[in-house]
Amino acid sequence: GRPPFPLLYGMLGALLASLVVRVRTGARRRISGRGRAGLGAVAGMIRGRRRTYGALFYWPLFVLAQIFGIAFNTGVLAATLLRVLGTDIAFGWQSSILFSADAVYQAVEAVALPWSWFVPPETAHPTLAQIVGSHMVLKDGIYHLATRDLVSWWPFLCLAVLFYGLIPRLLFLFAGILFKSRAMARLDFSHSRAEQLLQRMETPLLDTEGQPTAAGPQAPPAPESVSPAPPAAEDAAGPSDKGMVALIPEDIYEACPRGELEALTSQVFGSRIQETLRMGEADQALLARLSDAAGGNGGSDVFILKEAWQPPIREDIAFIQRLRQAVGERSRIRMGLIGRPAPGNIFTPVAAQDWRIWHDKIASLGDPYLRLERLVKHEA
């Protein structure tokens, strides 16, 4: 809404923005390029986690704060009751401002409204006579005050802590647990990191190891019949998978063997390629086509092939951002990196330095549905 003091709000906002810009500029001068890339990746990771989990970052802290408040108010109540039961405490009131006893009585009566309708009046709050009788004056002391007036305050104080401290915290605790459960129920684990984890858990592994025996070498046993693994492009994708639209740069489009590309993407991403498109100068028409396809089938998974030895430039990042706007917020965008092409083979391992550069740059976007992988596993 509109701020209560727009002029002051605008001045403070401009001052804060100027301060942030100065701090950012100073930090950029002192931090190396590698450090700036790392900070950008961390900031993008935080934005991505916020988009993915939303209020799940907030509600656990909210619940912990309410637990602390409940413990604190319970301790206050317990300490007060123990002091009242075990010692003789005189409760009174005084102020440098000359409040009348009638004004204090009206304030106490207003505070006691939540419980005064069912608690007896003599317990709910001190009466006007008891407030007058418990008024302390520094120069006079408390010797002339009656005990019944001095002890009339502790039930009111305990009820105030109960109704304004403990009960609201309990309500906030139950509300926080409820909202956290609802936020957990809305979490669908469709982002790229969950997809990576699920794919690793579902990918079968086969390992064989022979143990030497003391009897010397023997004839190898007949190999066990192992049922052939189903085609990765079919089963890994699953029956509900619509397949990916592969975007291949124009300069390597003709040199890219489709069969090998489909085998690598199926192995790395667990999804088949439905269509290959040339990614070149006419990107606007390409984005319009992908946007229409995404609007027609409720989402479209896109695969982008990139040469890692060419560092990511602003045009690359701008294209990914425009692609995200075209295909929708939750459509999966998968990027596969390859190394410098060799004679007769464009699918080469990615150098470690090139991988770090691309990883930090893509992570700085903070897109939880954007996944970056090496198409060819790096061999140490």
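Between atom CD1 of residue I248 and atom CG of residue L261 there is a gap of 5.5 Å, rounded to the nearest 0.5 Å. Going from atom OG1 of T265 over to atom CZ of R334 covers 9.5 Å, rounded to the nearest 0.5 Å. Atom CG of residue L157 and atom CG of residue L77 lie 10.5 Å apart, to the nearest 0.5 angstrom. Between the CG atom in L247 and the CG atom in L286 there is a gap of 5.5 Å [rounded to 0.5 Å]. Between atom CH2 of residue W153 and atom CD of residue Q130 there is a gap of 9.5 Å, rounded to the nearest 0.5 Å. Put simply, CD1 on I362 and CD1 on I357 are 12.5 Å apart, with the number rounded to the nearest 0.5 Å.
I346 has its side chain within reach of C256: a pair of non-hydrogen atoms, C-beta onward, lies under 4.5 Å apart. Between R374 and P349 there is no side-chain heavy-atom pair separated by less than 4.5 Å. Using a 4.5 Å cut-off on side-chain heavy atoms (C-beta onward), V76 and L166 make no contact. Proximity of V376 to V350: side-chain heavy atoms (C-beta onward) are nowhere separated by under 4.5 Å. A 4.5 Å side-chain heavy-atom check between V245 and V327 finds every atom pair outside the cut-off. Between Q321 and L365, the closest side-chain pair of non-hydrogen atoms falls below 4.5 Å. Residues L264 and F269 have side chains not in contact (no heavy-atom distance under 4.5 Å, counting atoms from C-beta outward). Using a 4.5 Å heavy-atom cutoff, the side chains of R272 and S266 are not in contact.
In the hydrophobic cluster analysis, where Ile, Leu, Val, Met, Phe, Trp and Tyr join through side-chain heavy atoms closer than 4.5 angstrom, L173 is grouped apart from L178. Tracing side-chain contacts under 4.5 Å through hydrophobic residues (I, L, V, M, F, W, Y), one reaches L159 starting from F118; they form part of the same cluster. Linking Ile, Leu, Val, Met, Phe, Trp and Tyr residues whenever their side-chain heavy atoms come within less than 4.5 Å places L323 and L277 in a single cluster. At a threshold of 4.5 Å between side-chain heavy atoms, the hydrophobic network of Ile, Leu, Val, Met, Phe, Trp and Tyr places L370 and I317 in one connected group. F347 and W309 are assigned to two separate hydrophobic clusters, defined by single-linkage of ILVMFWY side chains at heavy-atom distances under 4.5 Å.
Counting only distance, with no hydrogens or angles, the side chain of T123 and the backbone of V119 share no donor-acceptor pair below 3.5 Å. Checking side-chain atoms of S95 against main-chain N and O of I97 turns up a donor-acceptor pair under 3.5 Å.
The aromatic rings of H125 and Y105 lie perpendicular to each other, with more than 60° between the two planes, well past the 30° mark. Under the 30°/60° scheme for interplanar angles, the aromatic rings of F163 and W115 are found to be tilted. By the 30° and 60° cut-offs, the orientation of the rings of F72 relative to F68 is parallel.
Taking each heavy atom of W355 and E373 in turn, the nearest pair found is CZ3-C, 3.9 Å. Contact between P114 and W117 at its shortest, heavy atoms only, is O-NE1, 2.8 Å. Here the shortest heavy-atom pairing between K180 and P60 reads CD-CG, 4.1 Å. Between S271 and M244, the shortest heavy-atom contact is OG-CG, 3.6 Å. Taking both residues in full, the closest heavy atoms of I273 and A246 are given as CG2-CB, 3.9 Å, listed atom of the first, atom of the second, then distance. Taking each heavy atom of A101 and I131 in turn, the nearest pair found is O-CG2, 3.9 Å.
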Would you check, one step at a time, whether the test side-chain contact (heavy atoms from CB on, under 4.5 Å) holds for T80 with V161? CA-CA 10 Å; T80 303; V161 173; over 6 Å; no

Could you go step by step and tell me if Y369 and S331 meet the side-chain contact (heavy atoms from CB on, under 4.5 Å) rule? CA-CA 7 Å; Y369 296 93; S331 295; over 6 Å; no

Passes side-chain contact (heavy atoms from CB on, under 4.5 Å), D354 versus L337? Steps please. CA-CA 9 Å; D354 297 336; L337 298 182; over 6 Å; no

Please walk me through it: do C158 and L81 pass side-chain contact (heavy atoms from CB on, under 4.5 Å)? CA-CA 8 Å; C158 291; L81 292 174; 4.0 Å; yes

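Open room surrounds CZ on F172; 12 or fewer heavy atoms of other groups in view lie less than 6.0 Å from it. Within 6.0 Å of CZ on R83 lie no more than 12 heavy atoms contributed by other residues, nucleotides or ligands.
Ion pair E254/R278 flagged as a salt bridge, since at least one NZ, NE, NH1 or NH2 atom sits closer than 4.0 Å to an Asp/Glu carboxylate oxygen. Salt-bridge formation is not detected for the pair K361/D316: no Lys NZ or Arg NE/NH1/NH2 atom is positioned less than 4.0 Å from an Asp or Glu carboxylate oxygen.
Counting only residues at least two apart or in different chains, salt bridge (Lys or Arg N to Asp or Glu O under 4.0 Å) contacts with residues 148-169 are absent.
Between the side chains of Q353 and R356, at least one donor N or O sits under 3.5 Å from an acceptor N or O.
A ring-centre distance under 6.0 Å is not found for W154 and F91.
Under the rule for a side chain to side chain donor-acceptor pair (under 3.5 Å), N73 has no partner lying at least two apart in sequence or in another chain.
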